[in-house]
Amino acid sequence: MNRIALVVLSDSSREYDKEYTYLVPEDLIEEVHPGSRVIVPFGNSNRNAEGFIMGTEDVKELNTSYRLKYIKKVLDDIKWLDQWSIALCRWMRKRYICTYYDALKCMLPPGVGVKSIKSVILIKNTDHHNQTICEIIDVLIENGGECGLEELAAYIDKATFSRYIRQMEKEQIILIKEEFINKAKEKKVRVASLALPIDVIDEAINGNKIRSIQQIRVLEILKEAEYLSVADITKFSGASSSSVNTLQKHGYIYYKEVEVKRDPYTGRTYERSEAFLPTEEQAEVLKDALVKIETGGFYEALLHGVTGSGKTEVYLQLIKACFDRGMSAIVLVPEISLTPQMVERFKSRFGDEVAVLHSRLSAGERYDQWRLIRDGKKRVVVGARSAVFAPLERLGIIIIDEEHESSYKSETTPKYHARDIARERCSANNALLLYGSATPSVETYYRAARGEMVLYKMLDRPNNAVLPKVEIVDMRNELNEGNRSMFSNKLAQEIKKNIELKQQTILFLNRRGYSSFVICRSCGFTMKCPNCSINLTYHANNERLICHYCGFTVKNPVSCPKCNSRSIRHFGTGTQKIEDEVRKTFDGCSVIRMDMDTTAAKDSHEKILTTFKEKNINIMIGTQMIAKGHDFPNVTLVGVLAADSMLNLGDFRASEKTFQLITQVAGRAGRGQLKGRVIIQSYNTEDFSILTACNHDYMGFYKHEILLREKLGYPPFTNIGVIIISGPDDKIVSTNAKEVGETIVEFMEGCDEKPEVYGPMRAPLAFIKKKYRWRIIIKCKDIDNIIDAFTLIRDKLYKKFEKYFVEMSMDINPFNML
DNA sequence: AGCACGCCGACT
DNA sequence: GTCGGCGTGCTC
């Protein structure tokens, strides 16, 4: 009897992305289980590779055509994956056309991996006819008979070094020792601080001494914070660590080591809260859902609950029910809502059993949380998208709050949707999957409407809070009446009134920066990014033009680069411009702005919101990040400055996004005792998504939208596959794109349904980061046909693409089609 | 990514 | 002959 094991390698390369069969040696039988981490000999050279066990099996006969090798070593006694994660890993690989390791990485804490360290030991000191070999022996003797392989290679410095080492090993002159060291789980972290006073830094930036926007962003962030880890800097600035290194080299910043604080919530105490007595609506939902938990089968349910209807209390009581039955729970929330206030609600109910996972945890913190969860010390996990993979056992419920949020869709490989992962997990674990939203996604509502899942409704606002009064202002009329400002007369009047009443106002605009483009009025020249097919955006705070896609930046020109005319101006409206305008129009009022630019530094998001609330700032201006979370009892007026700005984006979700956004922004008004009002400015006042949002009419919106989706053949009636092919040479990209297109068309001819294939054509964002982009769209009812087509393309063409520096991204039902 | 293997030209 | 450089193919 032989025991064999299936092993996948911790190597993301496509070519050996397989489950390899290895023999389990007699003495390791007790240690090798599905989920353990091992070292296996791999390749002709039997190099040591790290891998994970996907499964084991006992077989009588080995009837493989090739000779199996033995597993060399078990790395640790941790079971990294359980049965469901292994199954999910296989499923993800197929569904998202990624590698096993891409999928595995989602389920493992960061920093898992081994580094191999090889050293060379001299065992036979002989004279050798070969000069290089003699040289190596000399170096080894000098080092006391042992030397690290890499050091040795550096000493010898010859291209043929490894050839000799192999020969020496064969002739038993040397012995190669290999050790495996876990990649450091840092307890200390390297942080960076500004090395020069802020005004010197500013001077360097303004004097064009520092020109890379990455570097400027890093410095801007460090100006706010005393010090930040390099990992955090790169995360918040979007710059790579190399730009941080350059700054250090040039002496603008310096590094030091700092102890990592492990539990981000240590030191906070939480008052224990007890369950509230549910309202009538809540009780009804709970009654039904609790039966489902009790029964213990796989169920899906949509909780359609308006803002403020008390969804969180329902969540808490359902989790409690799971708890009482020894089961665990996952709560997914959009990253933006992971505020201390939100966390507090869970912590105060479940205390230390709650683990919080979000993107701002350091690798060490993440690892700690992962271990605590896996060891059963934490049974409630609250977190953003990736928390859906939390290694909980006996899962009772997964809750996806704000189910329609786009942040649940990953934009990097594997491009999963947390909803789909949750569904796989819950069905494998017989758990309840609860979606919650005030504005459910059309896809989810459709499934509920068709009876594929239970639909719970909580449409009353508690304490009889009245819905804010919503008014639409047609900006075309304003223009006709000679009002060229960005505030309609009505809105300006209401803002003034609010300032007098010392009540607060939120102004919402979906565009950051100062204005959208810079144009020369004499010759019509517009400032474009040299790397992207995008107009540069003017940013007033540093008098620069920035590309929002690649970060390219130049100083704002005083004269037109083409015709030298001085009448080059910026047009359009961004949040920065609104801020200026507000200050000019409403004398002496206090203003605060919240967008990507002002929230780059750590915790600044939180700080801005607290300042706004506590200092009773008159007006807050922001992009969509202000749309959710946070109750501001004193906000009585919300102004949406350009409600139609998203409608013409060429995206089948444009109406849905508009509806959701307006509904959410409007929900910010009148959360306290005072009645709220909302003013919506738009050039397109007839659009149904704006009208229904103003009437707080989800059903009206849904009924209209679902008909459109059916007529036009969009999800949920079809699946849409998008392939973007990109690369530095337009010709090469387009010919390769054509080949992809032909392959798809050919493949689809063999399918039972007649799918539609569009393209290849230039992507709407045709040139980004110096790469030309071509796009192919497939519309197809059966998602498996798209998956199969994608898989075929990958297998057939990836090698060729590598050769031609062509990149390809494939996504099914993406949130971003551009 | 390594490494074996094979081919070829340069150097002694 | 031997050495060194380079292209190709393979990984249970």
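Heavy atoms only: backbone and side chains are in, while hydrogens, waters and symmetry mates are out. Chain letters run A, B, ... following the sequence lines, proteins first and then strands; every chain starts at 1. None of these values were measured; they are calculated from a predicted model.
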Protein proximity profile, nucleotides 6-12 of chain C - base contact B, sugar-phosphate-only contact S, no contact -, cut-off 4.0 Å on heavy atoms
B----BB
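Pairs engaging residues 25-53 of chain A under the salt bridge (Lys or Arg N to Asp or Glu O under 4.0 Å) rule: A:D11-A:R47, A:R37-A:E50, A:R37-A:D76 [sequence neighbours left out].
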Using atom types as modelled, flag every donor-acceptor pair under 3.5 Å from a side chain in residues 782-790 of chain A to any protein atom, sequence neighbours excluded.
residue	atom	partner	partner atom	Å
A:D782	OD1	A:D784	N	3.0

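Applying the salt bridge (Lys or Arg N to Asp or Glu O under 4.0 Å) rule to A:K177 yields the partners A:E146; only residues at least two apart in sequence or on another chain are considered. Applying the side chain to side chain donor-acceptor pair (under 3.5 Å) criterion to A:K800, with sequence neighbours excluded, gives A:E739. A:S809 is linked by a side chain to side chain donor-acceptor pair (under 3.5 Å) to A:K415, counting only residues two or more places apart in sequence or in another chain.
Here B:dC5 presents its P atom at 13 Å from CD of A:Q167, a figure rounded to the nearest Å. Following rounding to the nearest Å, A:K799 (NZ) and B:dA1 (C1') show an atom-to-atom distance of 13 Å. Rounded to an integer number of Å, the gap from A:F161 CZ to C:dG5 C1' is 18 Å.
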